[in-house]
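Inspection log for the structure reproduced underneath, given as structure tokens.
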Amino acid sequence: MTTTRSRRSIAGLTTAAVLLSGFLTPEAVAADTGGALAHHLRRTLDRLRFEQVLDTDPPTSPSRLDALRRRGAGKPAAAPPPRDSRGAAPITQQPQIDLTVIELNAAGRPVSSGTVLMSPHHPDGVIVPVDRDLHTTAVRWRQWDDAGWYADHAQGTIDVVPGREHAPIDFMSPYPASVLKLMVAFGVLRLVDRGAISLDDTYVYEPAAGSSMCGPSGADTIRAYLDASLTWSSNPASCALIKMLHDRDAIDGLNRTFQDLGLETLQLKGTNPAHGGRWDNPITMTSLDTAKLLMLINGGKGTLWRTPGGARVSAGVLSRASREFFLSRLRDQAMNVTLSTTNWCGAAYPAQGIPQRTPPRWTGADGSVTVPGQDVAYGHDVRPCDRAAEVTFAHKNGWWSNAAADAGIVRALPGKGGRSYVVALFSNLGSQYVDPGRPPGGDVWFTERLARLGQAIDAYEKHRRP
């Protein structure tokens, strides 16, 4: 693996980021003089030493790489079982990480931001310069390539956004996994707002072809499908919603809407209209655009940004009722296992992440979290963590063997520091990668460095936003 720590990669970009790190108003300039947030994120990523994780399933032959290239046709239905460090090998190169934090004021408007990318090409992390509308042209975004990360030194070959051939940063975006369900829900709620469907309509899911990921035919309300998709990450419910969007010829329109909003890396492409599955690498999300989408869902006042074409974008792209429903489902997140880890409250491993209050919907009489849809019982009493909680975290996770993602909205509980921010993380550090000395057994999915990252971000925001 590359061990040289290049502190001056992409010379000059950091200075540009200091000047252009998401300032929208004079208030923003005062809040983030010197680009402190972006620099803190880069230092934090560097300090956590993600390059020290172990790989439990490295490809060891050309045939194994070929198998990765052919894997396509949709990621499997559920995350593989957690692994321990026995027999694992050092990771061959710096992991791929895409991280954005956007700080919000009391009106839900952005006051500063930081976006940092880490990869084999940028082992120390590189700050992404963005303009006052939280947009960047400094990155040539590439689609994720499972085999290419190993064989080609994380050099992607398919552009996500055209015309970026001369951008100073070249970055292969990690696969978003189930965070893609944010895009699906947004598309469905846009149909609700137009009166094309109602949350209480029953949709009969009748796949025209089989899919192990999507499951058999069935029927439920749009409301129930959205709830299952967002709270416990049901793949069958999400397949039904995607097929419903295909049935109404709404997928292309959804992708155009993201482009029209200036969220050009959000693309729900390549899904199968016959059953709503086949979620593969043409589906793309980056942390910056995902964080901006969450700002819309959060419902900030006034113009939140302008598109590259100059159009004003506000939270009105969704109705208030749709935003409130969306947020309520994200607040009921059952899978608090990545940037926050309260489902394992009190465990020696993993480390504590964002100190959130765990949604009571999933806790039993003994205080432990059980997620029936995922057939997971965590067995840890979350009540001590709830008593010590400082924030709520309305979020969506994503996971697979080489994908770990988490994106959501953090708000301080009364008297707990007043911070409000959006965080979005995408990485290739899925269940395949483990910490050295990780306890054997258990049900922890990811390296605990992701939880430590969440904790570090929140601690910084707590002291930064009194």
Side-chain angles (χ1 to χ4, degrees), residues 71-78 143-144 158 160 173 175-261 263-285 289-290 293 296-297 317-319 322 325-326 329 373 396 398 400 403:
R71 188 162 72 179
K75 307 296 181 187
Q143 282 185 20
W144 178 256
I158 300 176
V160 175
S173 298
Y175 177 66
S178 285
V179 178
L180 68 85
K181 294 165 187 176
L182 293 177
M183 296 193 291
V184 176
F186 179 82
V188 171
L189 291 171
R190 291 271 291 180
L191 291 181
V192 171
D193 286 348
R194 284 171 21 204
I197 58 173
S198 164
L199 285 176
D200 295 314
D201 286 348
T202 295
Y203 177 67
V204 179
Y205 175 65
E206 295 179 330
S211 166
S212 61
M213 182 172 72
C214 296
S217 60
D220 213 332
T221 64
I222 301 297
R223 184 188 304 273
Y225 281 132
L226 283 169
D227 178 79
S229 175
L230 293 174
T231 63
W232 58 269
S233 206
S234 167
N235 286 337
S238 305
C239 287
L241 293 172
I242 292 171
K243 186 177 185 303
M244 186 269 293
L245 291 171
H246 276 293
D247 291 348
R248 293 178 171 273
D249 295 322
I251 293 289
D252 288 344
L254 173 60
N255 288 325
R256 284 195 300 272
T257 296
F258 288 135
Q259 299 300 305
D260 292 343
L261 294 173
L263 306 176
E264 54 204 354
T265 66
L266 302 189
Q267 300 182 6
L268 187 68
K269 292 184 175 180
T271 57
N272 191 326
H275 49 64
R278 195 173 65 199
W279 306 345
D280 208 8
N281 298 333
I283 298 174
T284 59
M285 305 178 79
D289 283 348
T290 301
L293 177 64
L296 295 178
I297 297 165
V317 299
L318 285 178
S319 70
S322 286
F325 174 76
F326 208 151
R329 300 308 84 206
K396 181 72 193 76
W400 178 236

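For the numbers below, each heavy atom of this structure counts, side chains included, while hydrogens, waters and symmetry mates do not.
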Check: Listed by chain and number, what are the side-chain hydrogen bond (donor to acceptor under 3.5 Å, both in side chains) partners of Thr265, not counting sequence neighbours?
Finding: Thr286, Asp289
Next item on the list: Can you measure from NZ (Lys181) to CG (Leu268) and round to the nearest 0.5 angstrom?
Entry: 12.0 Å
Checklist line | ring pair (Phe, Tyr, Trp, His ring centres under 6.0 Å) involving Tyr225 - partner list, sequence neighbours excluded | finding: none
Next item on the list: Answer whether the closest heavy-atom distance between the side chains of Leu180 and Tyr175 falls below 4.5 Å.
Entry: yes
Margin query: Could you work out, with ring pair (Phe, Tyr, Trp, His ring centres under 6.0 Å) as the rule, every residue matching Tyr203, not counting sequence neighbours?
Written below: none
Check: So how far is it from Cys239 SG to Asn272 CG, rounded to the nearest 0.5 Å?
Finding: 9.5 Å
Next item on the list: Taking side-chain hydrogen bond (donor to acceptor under 3.5 Å, both in side chains) as the test, write out the residues that go with Ser238, two or more places apart.
Entry: Ser229
Notebook entry, point to check: Should Trp279 and Asn235 count as side-chain neighbours, where that means a heavy-atom distance under 4.5 Å?
Noted result: yes
Notebook entry, point to check: How would you list all residue pairs meeting salt bridge (charged side-chain N to carboxylate O under 4.0 Å, His left out) that involve residues 201-214, not counting sequence neighbours?
Noted result: none
Going by atom type alone, with no hydrogens or angles, which donor-acceptor pairs under 3.5 Å involve a side-chain atom of residues 214-222 and a protein atom two or more places apart or on another chain?
residue	atom	partner	partner atom	Å
Thr221	OG1	Ala224	N	3.0

Check: At what distance, to the nearest 0.5 angstrom, does CG of Leu241 lie from CG of Leu189?
Finding: 9.5 Å
Checklist line | Atom pair OG (Ser234) and CG (Asp227), whose distance is rounded to the nearest 0.5 Å | finding: 10.0 Å
Next item on the list: Please identify each residue that fulfils side-chain hydrogen bond (donor to acceptor under 3.5 Å, both in side chains) with Gln267, with sequence neighbours left out.
Entry: Lys269
Next item on the list: Measure across Gly398 and Val179 and return the closest heavy-atom pair with its distance rounded to 0.1 Å.
Entry: N-CG2, 3.7 Å
Margin query: According to side-chain hydrogen bond (donor to acceptor under 3.5 Å, both in side chains), who are the partners of Lys243, at least two apart in sequence or on a separate chain?
Written below: Asp247
Check: So Leu296 and Leu318, side chain to side chain contact (heavy atoms under 4.5 Å, CB included) or not? Walk me through it.
Finding: CA-CA 8 Å; Leu296 295 178; Leu318 285 178; over 6 Å; no
Check: Does any donor atom in the side chain of Thr284 or Ser173 lie under 3.5 Å from an acceptor atom in the other side chain?
Finding: no
Check: Among pairs that include at least one residue of residues 187-200, which meet salt bridge (charged side-chain N to carboxylate O under 4.0 Å, His left out), considering only residues two or more places apart or in two chains?
Finding: Asp200-Arg223
Note to self: Using side-chain heavy atoms (C-beta onward) and a distance below 4.5 Å, is Thr271 in contact with Ile283?
What the structure shows: yes
Note to self: For Phe186 versus Phe326, what's the shortest heavy-atom pair and its separation?
What the structure shows: N-CE1, 3.8 Å
Item checked: Close side-chain approach of Met285 to Leu266, heavy-atom, < 4.5 Å -> yes
Margin query: Between Leu226 and Phe325, does the side chain to side chain contact (heavy atoms under 4.5 Å, CB included) criterion hold? Intermediate values first, please.
Written below: CA-CA 10 Å; Leu226 283 169; Phe325 174 76; 3.6 Å; yes
Check: Taking all atoms of both residues into account, what is the closest heavy-atom pair of Ser322 and Val192, and its distance?
Finding: OG-CG1, 4.4 Å
Notebook entry, point to check: Say you draw a straight line from CZ of Arg256 to CD1 of Ile251; how long is it, rounded to the nearest 0.5 Å?
Noted result: 11.5 Å
Note to self: With side-chain hydrogen bond (donor to acceptor under 3.5 Å, both in side chains) as the criterion, how do Ser233 and Lys396 come out once you've worked through the C-alpha distance, each side chain's angles and the decisive distance to 0.1 Å?
What the structure shows: CA-CA 8 Å; Ser233 206; Lys396 181 72 193 76; 2.8 Å; yes
Next item on the list: Please tell me if the side chains of Leu245 and Leu191 come closer than 4.5 Å, counting only heavy atoms from C-beta onward.
Entry: yes
Margin query: With heavy-atom distances below 4.5 Å as the criterion, would you say the side chains of Ile158 and Asn281 are in contact?
Written below: no
Next item on the list: For Ile197 and Met244, work out which heavy atoms get closest and say how close.
Entry: CD1-CE, 3.7 Å
Item checked: Test side chain to side chain contact (heavy atoms under 4.5 Å, CB included) applied to Ala209 - qualifying residues, sequence neighbours left out -> Ala274, His275
